[in-house]
Structures are given as structure tokens and as C-alpha cells.
Asker: 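This is the structure, below, for whatever I ask next.
For the single chain, residues carry numbers from 1 onward in sequence order.
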Amino acid sequence: QVQLVESGGGLVQAGGSLSLSCAASGGTFSRVNMAWFRQAPGKEREFVAAIAWIGGLTYYTDSVKGRFTISRDNAKNTVYLSMNSLKPEDTAVYYCAAQSTTQNPTMPQNYDAWGQGTQVTVSS
């Protein structure tokens, strides 16, 4: 079973920056994509960004394009999310996820493993 551990969340003012990390360990399935999702109170979990483990192709939801950057370090089994120009509407619990198939990487049901989440709060 793959274990994913997120870190780096916190409280930041609007316009500020935060970086999240997700370290993967254990498990044997072939990791196709790694992604970040987020869930705000009372809302469904939504896709933020994904990156192909091999090749590094990236995907972003429209609301974060130009502000967030997803990257990975294969040697460290770690995926990162750099978040700039943060807005109050970015406030949510951010989850890291790993996918072992080539299904739509923006759909949470297509992911096999999830981290415990890290809180990001952006104050206005």
C-alpha cells in the first residue's frame, strides 16, 4: 500500500505564497500520475493539478493556472505544489493522490492512494 504524507500547509495572507510537499513510500503499483486535490468546507473534493510521473506532463484546473506549479522529484518520490498569488478562495484541505491507471487524471475516483491532507488557509 502506497503511503502519501503531505506537508507545508499553513496560514498566509492573500497574495502570499506557500509550497506543499507530498512524499510517497511503500507500495508496488506503477505510479502513472500524482495529483493535488482540495476540499473546502461544505464542498466536494476538486482537482487542482496533476503531473505524469514519467515525462512530467502537467494538468491544471483553470482557477490555478499561472499561479500554481506542480513538480516532482522522482529520486525523492516527492511531488510538490508551489502556490503563488493565493486568494481566500484557495482555502481548503489539500490532498495528495497517486494514480496507477491512465484514466482521466482530474477525477478523484481514478486515484488509488491518498494522503491525510494539509490545511491551507488564505486570509483576506
Side-chain angles (χ1 to χ4, degrees):
Q1 182 74 19
V2 173
Q3 292 185 334
L4 304 175
V5 179
E6 302 101 333
S7 60
L11 173 65
V12 65
Q13 288 188 331
S17 300
L18 276 176
S19 291
L20 306 181
S21 299
C22 172
S25 62
T28 58
F29 74 76
S30 298
R31 204 171 307 146
V32 175
N33 292 310
M34 296 286 292
W36 290 94
F37 288 79
R38 64 188 180 187
Q39 188 165 18
K43 295 188 177 182
E44 292 187 352
R45 191 166 297 189
E46 67 167 347
F47 171 77
V48 177
I51 186 166
W53 201 247
I54 305 298
L57 182 65
T58 57
Y59 313 81
Y60 295 94
T61 192
D62 286 345
S63 64
V64 308
K65 285 180 180 177
R67 300 190 299 122
F68 291 11
T69 302
I70 189 170
S71 60
R72 89 266 191 248
D73 184 329
N74 295 46
K76 295 183 178 179
N77 276 325
T78 300
V79 64
Y80 306 95
L81 186 67
S82 177
M83 304 182 292
N84 297 313
S85 301
L86 282 161
K87 304 175 181 180
E89 50 264 43
D90 294 318
T91 295
V93 177
Y94 282 69
Y95 297 90
C96 175
Q99 180 184 28
S100 64
T101 70
T102 57
Q103 293 177 300
N104 187 335
T106 69
M107 305 298 290
Q109 59 265 36
N110 293 336
Y111 284 79
D112 308 280
W114 292 86
Q116 80 287 353
T118 185
Q119 178 70 46
V120 171
T121 303
V122 184
S123 63
S124 57

Asker: Are Val79 and Val120 connected, step by step, through hydrophobic side chains (Ile, Leu, Val, Met, Phe, Trp, Tyr) whose heavy atoms are closer than 4.5 Å?
Answerer: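 Same hydrophobic cluster.
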
Asker: Roughly how far apart are Met83 CE and Ser17 OG, rounded to 0.5 Å?
Answerer: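 Met83 CE to Ser17 OG: 8.5 Å, rounded to 0.5 Å.
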
Asker: Quick check on the hydrophobic clustering: are Val48 and Val12 connected, directly or via other members, by side-chain heavy-atom contacts under 4.5 Å?
Answerer: yes

Asker: Does Gln13, at its CD atom, have more than 12 non-hydrogen atoms belonging to other residues, nucleotides or ligands within less than 6.0 Å?
Answerer: no

Asker: For Gln119 and Leu11, what are the C-alpha separation, side-chain angles and deciding distance, and is it a side-chain contact (heavy atoms from CB on, under 4.5 Å)?
Answerer: CA-CA 8 Å; Gln119 178 70 46; Leu11 173 65; over 6 Å; no

Asker: Drop me the distance from Phe47's CZ to Tyr60's OH, to the nearest 0.5 angstrom.
Answerer: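 Phe47 CZ to Tyr60 OH: 9.0 Å, rounded to 0.5 Å.
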
Asker: Using only atom types and a distance under 3.5 Å, with no angle test, would you say the side chain of Glu6 pairs donor to acceptor with the backbone of Gln116?
Answerer: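 Side chain of Glu6 to backbone of Gln116, a donor-acceptor pair under 3.5 Å: yes, one is there.
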
Asker: Report yes or no: do Tyr80 and Tyr59 belong to one cluster of Ile/Leu/Val/Met/Phe/Trp/Tyr joined by side chain heavy-atom distances under 4.5 Å?
Answerer: no

Asker: Ignoring hydrogens, what is the shortest heavy-atom contact between Thr91 and Val122? Give both atom names and the distance.
Answerer: OG1-N, 2.9 Å

Asker: Quick one: does any side-chain atom of Thr78 pair with a main-chain N or O of Ala23 as donor and acceptor, under 3.5 Å?
Answerer: no

Asker: Find the distance between CG (Leu18) and OG (Ser82) and round it off to the nearest 0.5 Å.
Answerer: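 Rounded to the nearest 0.5 Å, the CG-OG separation comes to 9.5 Å.
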
Asker: When rounded to the nearest 0.5 angstrom, what is the spacing between CE in Met34 and OG in Ser71?
Answerer: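 It is 11.5 Å, given to the nearest 0.5 Å.
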
Asker: Donor-acceptor pair, Asn33 side chain versus Ala50 backbone, under 3.5 Å?
Answerer: no

Asker: Could you see if Phe37 belongs to whatever hydrophobic cluster contains Leu20? Use Ile, Leu, Val, Met, Phe, Trp, Tyr and a side-chain cutoff under 4.5 Å.
Answerer: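 As far as the 4.5 Å side-chain criterion goes, Leu20 and Phe37 are not connected within one cluster.
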
Asker: Nearest 0.5 Å, please: how far is NZ in Lys87 from OG in Ser63?
Answerer: 7.5 Å

Asker: I need the minimum non-hydrogen distance between Asn104 and Gln99, along with the two atoms involved.
Answerer: O-NE2, 3.9 Å

Asker: Do you know which of Thr118, Thr61, Asp90 makes side chain to side chain donor-acceptor pair (under 3.5 Å) with Arg38?
Answerer: Asp90

Asker: Assigning hydrophobic clusters by single linkage (Ile, Leu, Val, Met, Phe, Trp, Tyr; side-chain heavy-atom cutoff under 4.5 Å), is Tyr111 placed with Val5?
Answerer: no

Asker: How close do Val2 and Ala24 get, heavy atom to heavy atom, and via which atoms?
Answerer: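 Here Val2 and Ala24 meet closest at CG1-CB, 4.5 Å.
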
Asker: Measure the spacing between OG1 of Thr69 and CG of Leu81 and express it to the nearest 0.5 Å.
Answerer: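 The CG atom of Leu81 is 8.0 Å from OG1 of Thr69, to the nearest 0.5 Å.
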
Asker: Kindly determine whether Trp36 and Cys96 satisfy side-chain contact (heavy atoms from CB on, under 4.5 Å), including the steps that lead there.
Answerer: CA-CA 5 Å; Trp36 290 94; Cys96 175; 4.0 Å; yes

Asker: Can you classify the ring geometry of Tyr94 versus Phe68 as parallel (below 30°), tilted (30 to 60°) or perpendicular (above 60°)?
Answerer: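 Tilted: the ring planes of Tyr94 and Phe68 meet at 30° to 60°.
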
